[in-house]
Amino acid sequence: ATFGDYGGQYVPEALMPALQELEDAYERYVLNNEDGFMDEFRERMRDFGGRPTPLQRADRLSERYDREIYLKREDLVHGGAHKLNNALGQVLLAKYMGKERIIAETGAGQHGTATAMAAAHLDMPCEIYMGRTDINRQRPNVYRMRMNGAAVNPVTAGSGTLKEAINETMRDWATTVETTHYVIGSVVGPHPFPKMVRDFQAVISQEAREQIQDQAGRLPDTVVACAGGGSNTMGTFHEFVPDEDVDLVAVEAGGSSLEIDEEANLAPNSATLSTGTDGVLHGAMTKLLQSGDGQIVESHSVSAGLDYAGVGPELSHLVATDRVTPVSVDDDAALNGFHRLSNLEGIIPALESSHAIGYVEKYTDDLGDLVVVNVSGRGDKDLETVLEETEKRDLEAAPDVEVFEQ
Amino acid sequence: ATFGDYGGQYVPEALMPALQELEDAYERYVLNNEDGFMDEFRERMRDFGGRPTPLQRADRLSERYDREIYLKREDLVHGGAHKLNNALGQVLLAKYMGKERIIAETGAGQHGTATAMAAAHLDMPCEIYMGRTDINRQRPNVYRMRMNGAAVNPVTAGSGTLKEAINETMRDWATTVETTHYVIGSVVGPHPFPKMVRDFQAVISQEAREQIQDQAGRLPDTVVACAGGGSNTMGTFHEFVPDEDVDLVAVEAGGSSLEIDEEANLAPNSATLSTGTDGVLHGAMTKLLQSGDGQIVESHSVSAGLDYAGVGPELSHLVATDRVTPVSVDDDAALNGFHRLSNLEGIIPALESSHAIGYVEKYTDDLGDLVVVNVSGRGDKDLETVLEETEKRDLEAAPDVEVFEQ
Amino acid sequence: MSDESRAERESRKTRTGSDGQERPVSDEIETDSDIETAIRENEPALITYITAGDPSLEDTKEYVEALDRGGSDLIELGLPFSEPIAEGPTIQAAINRALDAGTTPEGFFDLVDDLETEAPLLVMTYYNMILQYGDEADVRPFVERAAEAGLSGLIIPDLPAEEADPLREACDEHGLDLVFIVAPTTEGERLETIMSQVSGFAYVQARLGTTGARANVSGATHDSLTRLSEYDVPKAVGFGVSEGDHAAEIIEAGADGVIVGSALVDIIADSEETTEGVDRLEAKAAELKRGARRGAGEAVDAEDVPEPEQP
Amino acid sequence: MSDESRAERESRKTRTGSDGQERPVSDEIETDSDIETAIRENEPALITYITAGDPSLEDTKEYVEALDRGGSDLIELGLPFSEPIAEGPTIQAAINRALDAGTTPEGFFDLVDDLETEAPLLVMTYYNMILQYGDEADVRPFVERAAEAGLSGLIIPDLPAEEADPLREACDEHGLDLVFIVAPTTEGERLETIMSQVSGFAYVQARLGTTGARANVSGATHDSLTRLSEYDVPKAVGFGVSEGDHAAEIIEAGADGVIVGSALVDIIADSEETTEGVDRLEAKAAELKRGARRGAGEAVDAEDVPEPEQP
């Protein structure tokens with residue numbers, strides 16, 4: 001397998017030649033900068049994507065938690081999240097490979113919008129698969145993709161969410177593989193996707209590692225990132241992996257409970273690294289939320305972007321080898337994290353990133369003196385959800401908004 | 001007056017001492033960097049705000065219009081628009097001045113959210129005045145301000161929009177002037193606001209002027225920015241004003257018509273520079289949309305952020321002295337601009353910025369060979385409006401979204 | 001105000017009421033300002049405000065006459081402007097009613113043309129209204145017309161001394177007073193400058209903020225009057241004065257007059273018929289005038305409705 | 001498959017039906033694979049697929065028996081997995097029905113235990129189902145149980161040759177075939193490698209994409225069969241085969257068998273009662289078998305429903 005016991009290429013035979021072609025392209029263009037691929041990628045991420053993103057000292061969080069807290073500001077990337085790092089890399093790679101068409105899955109719509117933006121920017125026809133349920137609850141993202149000229153294909157199978165969208169995109173790919181590149185949205189899927197996506201996202205930790213040394217004079221004690229599929233996680237951790245004194249903490253969505261309800265075929269969480277078991281999903285051996293029989297269960301998190309029953313195989317490996325510490329915080333803690341960062345720092349984080357902040361708030365004592373937290377995206381997309389979910393709860397950090405309920 | 005025949009300080013006597021105090025602070029901190037004010041401002045705009053923003057060559061627009069089109073990407077500033085440049089500057093200045101409280105007006109909510117973010121970041125109590133009508137139609141921005149811990153005060157007077165919100169903020173300021181700083185949101189208001197706001201926004205043209213010379217090897221022939229109150233306009237133009245060969249084009253909102261309907265007390269446009277007459281509003285002598293008697297009329301634009309009956313006095317002066325060319329495009333052209341940039345470049349612009357793109361599309365022949373266009377903000381906030389307005393029209397550049405109307 | 005014009009005006013020895021009749025000025029008052037004269041002669045003076053055109057110009061005429069009868073020594077008439085940044089909710093609403101009724105500067109001047117009050121009249125409006133009267137942005141046509149209509153002065157709440165030169169010159173030319181406001185924040189050098197230019201009277205702003213009836217007299221009023229005591233010009237206090245007792249307290253604190261607006265506008269807004277408003281305005285003016293006189297230490301019989309008298 | 005195990009298996013000379021009875025293998029077929037034998041002896045062979053548990057395991061038992069009677073030479077039984085990425089809408093829906101009915105691996109094996117068909121049975125499922133059977137992520141418990149239940153082989157659409165070692169070893173150990181799929185994109189060196197490891201038969205994927213009944217036979221089928229003609233292993237074509245005429249065309253193009261799934265699943269979904277489904281499945285299998293034989297150049301009377309015969 002690719003990463004210790006994890007990874008691999010568990011896909012239909014029809015896709016294997018495409019994976020080999022992709023592996024070849026990955027080695028030539030990404031690893032060896034053939035035809036100046038990586039130069040062009042970096043230039044476009046600078047001019048189009050807005051990189052580098054700042055590493056900001058969070059003055060008020062630092063004061064509150066009595067340690068130095070730095071925020072890696074991926075929320076400032078074009079499109080509002082780290083997602084573009086990968087989407088632009090893959091669409092550009094597809095162009096170098098001579099592909100004529102891009103497909104991608106999307107859950108909440110973040111990866112879909114990033115891919116649609118990248119495809120518009122690079123003039124590639126693009127189709128996005130999205131579950132019907134997700135379409136209905138994430139309409140603004142659907143519109144953004146349409147505005148960028150991408151087709152959005154509703155997937156009605158199953159619960160109509162991310163898992164089904166991935167299945168359907170794989171089916172499209174199995175049909176059109178000769179002319180089409182599938183832009184997978186996280187460090188998941190068959191080899192070489194987990195490595196390639198990680199390498200595109202590793203710019204986060206490349207920048208952060210330099211920035212923290214410039215600004216704080218040393219490497220951090222703790223690096224914290226939320227983990228769903230794991231692309232911002234691996235991006236944030238990658239360059240720090242060899243730094244053995246740096247704790248790497250992956251914060252998963254604890255949802256409402258860490259138990260799996262096999263009867264209902266539901267895990268009311270997405271804490272795959274913390275509670276999952278080994279298995280194969282979407283092309284890779286990794287940790288999964290599954291029933292004893294091997295059926296994949298529906299995951300759940302208040303954050304749509306973490307709501308996935310699998311996780312990147314490299315993360316499974318890094319957890320298995322004790323290099324990464326998996327932790328989880330529940331929906332309440334994430335919502336508190338959302339409000340805390342919004343209120344104290346003037347940064348409205350994505351609900352995904354709010355899990356990382358929620359962890360810092362809740363388990364402050366587990367942190368070292370110098371902490372880097374990845375703010376993987378901005379939270380504008382989550383306002384409605386946060387309002388609804390906040391109303392149901394009694395949250396310490398939430399503001400009162402009832403004056404506007406007329 | 002401050003700028004030729006324009007500018008001045010037409011405010012109640014109670015505010016004059018505060019303006020003098022502000023003028024003093026402006027000179028010491030902003031102009032002379034006392035106590036390292038400007039250094040701190042620049043550092044915070046880098047780490048918190050995400051500056052510098054890129055100047056991006058727009059490959060597909062360049063091809064379409066057969067000239068070099070560069071985009072200044074203010075949409076990538078934290079909060080999604082150039083507004084933070086000013087809001088952070090003023091809130092920081094208020095802190096240096098020892099003020100204890102921030103107030104601001106907001107129309108569509110962009111300046112309010114930027115101010116709320118800056119105030120949260122700098123730990124300043126903050127209240128935002130916003131018309132009841134605007135509150136109802138810009139709810140997400142209201143929530144963002146509340147999330148950042150700002151109070152939002154509904155203004156029910158008149159039509160409940162920007163003009164009334166400014167009036168009400170001035171009234172608050174007249175009451176609390178000793179402890180409170182009023183963060184005006186554009187290059188309007190009494191001296192020294194127009195100069196000070198311009199100086200905070202001038203970072204746009206400082207960066208762009210260097211960037212275009214680095215990237216294209218020379219100064220541009222034409223610089224294009226949309227103009228409502230004029231803060232992104234002056235920010236984009238300021239450093240180019242002495243470059244006499246650089247055409248500066250301010251694109252106003254032509255709305256649905258350039259006529260004023262005195263009966264209805266309405267100008268169905270915001271083309272103040274193009275069609276306005278001299279008068280005094282909100283503290284300054286400038287061009288206004290007004291009736292023959294001197295009553296200010298309701299302006300209108302599909303873009304809430306341009307929807308203002310006044311304009312910065314310095315722009316009035318630069319137009320009067322022929323340094324800046326005022327033009328306007330109507331709602332249709334702006335919507336086409338929105339779709340054009342979204343579709344061709346993968347950048348969804350604010351409806352304000354869409355006027356600049358609409359101008360480039362419609363009056364291409366009036367442009368030189370090397371053009372800088374300011375993308376003042378991102379368009380996520382405008383999706384609903386664009387969908388509604390697009391549906392009413394037959395727009396060349398618009399995608400079909402009806403597949404999702406179930 | 002230039003020294004020259006002040007000198008010129010001081011050479012005159014009569015004052016003109018809004019009825020256009022000249023009245024002799026008593027010897028001890030060395031001014032050619034109708035307004036200053038009206039205050040000095042009627043100390044403690046009552047200055048009243050209502051918005052012209054609220055709810056119609058016809059009504060305003062009757063209301064102004066009622067205020068005149070009730071004991072007003074000066075009457076401010078608001079010319080409505082769409083952006084009244086210095087006003088609180090009460091007067092904002094009055095202005096909106098007047099605009100909705102179609103009140104224009106021309107209608108306003110026609111009203112003033114028609115009015116014959118003993119109390120001199122001032123116009124209170126915003127600077128843009130002055131500028132836009134006539135064909136171009138120029139203050140002179142307005143001032144000329146105001147003089148022609150018999151107005152004695154102007155109060156422009158958004159025009160500080162720094163920007164007032166063009167208007168002051170035009171006022172001087174036509175013998176009108178341009179009244180300045182002294183705010184609680186006006187201190188030191190600024191205060192000196194403004195007080196040296198006072199024309200008519202110093203409009204002492206009782207508190208920070210906007211116009212509007214308040215339940216008490218602010219401490220700032222006392223501070224301001226103390227600060228102004230050294231200046232030998234009439235001082236009238238406005239912003240928040242609504243009751244006879246306020247008037248008494250303010251006069252007792254050293255003011256030469258009190259200015260009341262929102263409390264009167266409230267009466268107009270509350271009255272179901274014009275005749276009711278007329279009666280209540282006249283009574284309210286009398287109550288305020290009584291309060292002022294009480295503050296000045298005069299014996300005032302609460303039952304006795306005082307008629308303002310020519311000295 | 002290691003050479004050692006292939007050699008080992010070739011030493012055996014009998015084949016086992018799903019009824020557990022050993023049957024002698026004719027001399028000319030040098031294989032110990034039940035599956036290969038079933039194809040070789042019944043050429044042109046009909047391979048049918050339905051999803052176990054759709055709509056219930058009881059029904060599946062009757063449907064399998066009907067397919068057996070109708071002339072199936074091999075029967076694939078789908079063990080439902082929640083993420084069937086290789087299936088088109090028809091089989092996805094069948095899998096969902098089966099999961100909704102509570103179909104589990106244990107229930108599946110119980111069904112196979114009960115089945116006594118002449119045609120050998122294969123299980124078609126996804127790799128995770130294999131892994132999770134038993135206590136840990138390990139393929140062996142599943143294969144052991146499959147062998148015990150009398151299954152002859154496995155088809156795992158998400159398991160390419162590169163990842164197949166553990167499962168292949170387990171299959172070898174228990175004498176089961178692991179059938180590989182050859183896709184239209186499988187060419188050159190890859191094709192060589194896969195064909196050298198074929199066990200049972202080569203599952204020739206007729207077209208890119210997913211399973212599902214189609215209206216015609218794709219050009220890719222002909223290309224693939226041409227490409228595979230040099231290999232001396234049984235070739236069966238699936239993906240999109242739905243009618244007797246397709247079967248005829250495919251056999252005529254050189255295939256040793258045809259694989260039909262979605263067309264049968266459609267019948268199950270359409271049938272209002274089990275008995276109706278049973279009749280239609282048996283008839284459909286017969287039609288397909290007839291088509292295949294027509295493609296092989298055999299004289300087939302359309303009226304004559306052929307019974308598969310033991311050679």
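Residue numbers start from 1 in every chain, and the chains themselves are labelled A, B, ... in the order their sequence lines are given, proteins ahead of strands.
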Proximal to chain C - members of [range], heavy-atom separation under 4.5 Å:
range: residues 179-196 of chain B; value: none
range: residues 261-270 of chain B; value: none
range: residues 16-26 of chain B; value: Met16(B), Pro17(B), Gln20(B)

Heavy atoms only, distances under 4.5 angstrom: which of [options] has the most pairs with chain B? Name it, please.
options: Gly88(C), Ala86(C), Pro89(C), Pro105(C); value: Pro105(C)
options: Ala164(C), Ala137(C), Pro157(C), Ala93(C); value: Pro157(C)
options: Arg190(C), Met129(C), Glu87(C); value: Arg190(C)

Evaluate side-chain contact (heavy atoms from CB on, under 4.5 Å) for Gln92(C) paired with Glu164(B), printing each intermediate quantity in order.
CA-CA 11 Å; Gln92(C) 281 178 54; Glu164(B) 289 77 21; over 6 Å; no
Flag yes if more than 12 heavy atoms outside [X] fall under 6.0 Å of its [atom1] atom; otherwise flag no.
X: Glu187(C); atom1: CD; value: yes
X: Asp232(C); atom1: CG; value: no
X: Arg227(C); atom1: CZ; value: yes

Against chain B, label [X] side chain, backbone, both or neither, depending on which of its atoms sit under 4.5 Å from a heavy atom there.
X: Leu159(C); value: both
X: Pro184(C); value: neither
X: Phe81(C); value: both
X: Glu83(C); value: both
X: Ile156(C); value: neither
X: Ile194(C); value: side chain
X: Pro84(C); value: both
X: Glu136(C); value: neither

Which bit of Leu288(B) comes within less than 4.5 Å of chain C, counting heavy atoms only: side chain, backbone, both or neither?
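The side chain, not the backbone.
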Heavy-atom pairs under 4.5 Å with chain C: which of Asp278(B), Val11(B), Asp172(B) has the most?
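Heavy-atom pair counts peak at Val11(B).
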Would you give the length of the straight line joining atom [atom1] of [X] to atom [atom2] of [Y], rounded to the nearest 0.5 angstrom?
X: Gln295(B); Y: Asn128(C); atom1: CD; atom2: CG; result: 8.5 Å
X: Thr186(C); Y: Glu13(B); atom1: OG1; atom2: CD; result: 3.5 Å
X: Ser82(C); Y: Asp293(B); atom1: OG; atom2: CG; result: 10.5 Å

Considering only heavy atoms from C-beta outward, does the side chain of Ile85(C) approach that of Pro12(B) to under 4.5 Å?
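Side chain of Ile85(C) against side chain of Pro12(B), heavy atoms only: contact under 4.5 Å found.
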Any side-chain heavy-atom pair from Glu163(C) and Val280(B) closer than 4.5 angstrom?
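No; the side chains remain at least 4.5 Å from each other.
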With a 4.5 Å heavy-atom cut-off (strictly below), which parts of residues 203-215 of chain C touch chain B? List them by number.
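So the qualifying residues are Gln205(C), Leu208(C), Gly209(C), Thr210(C).
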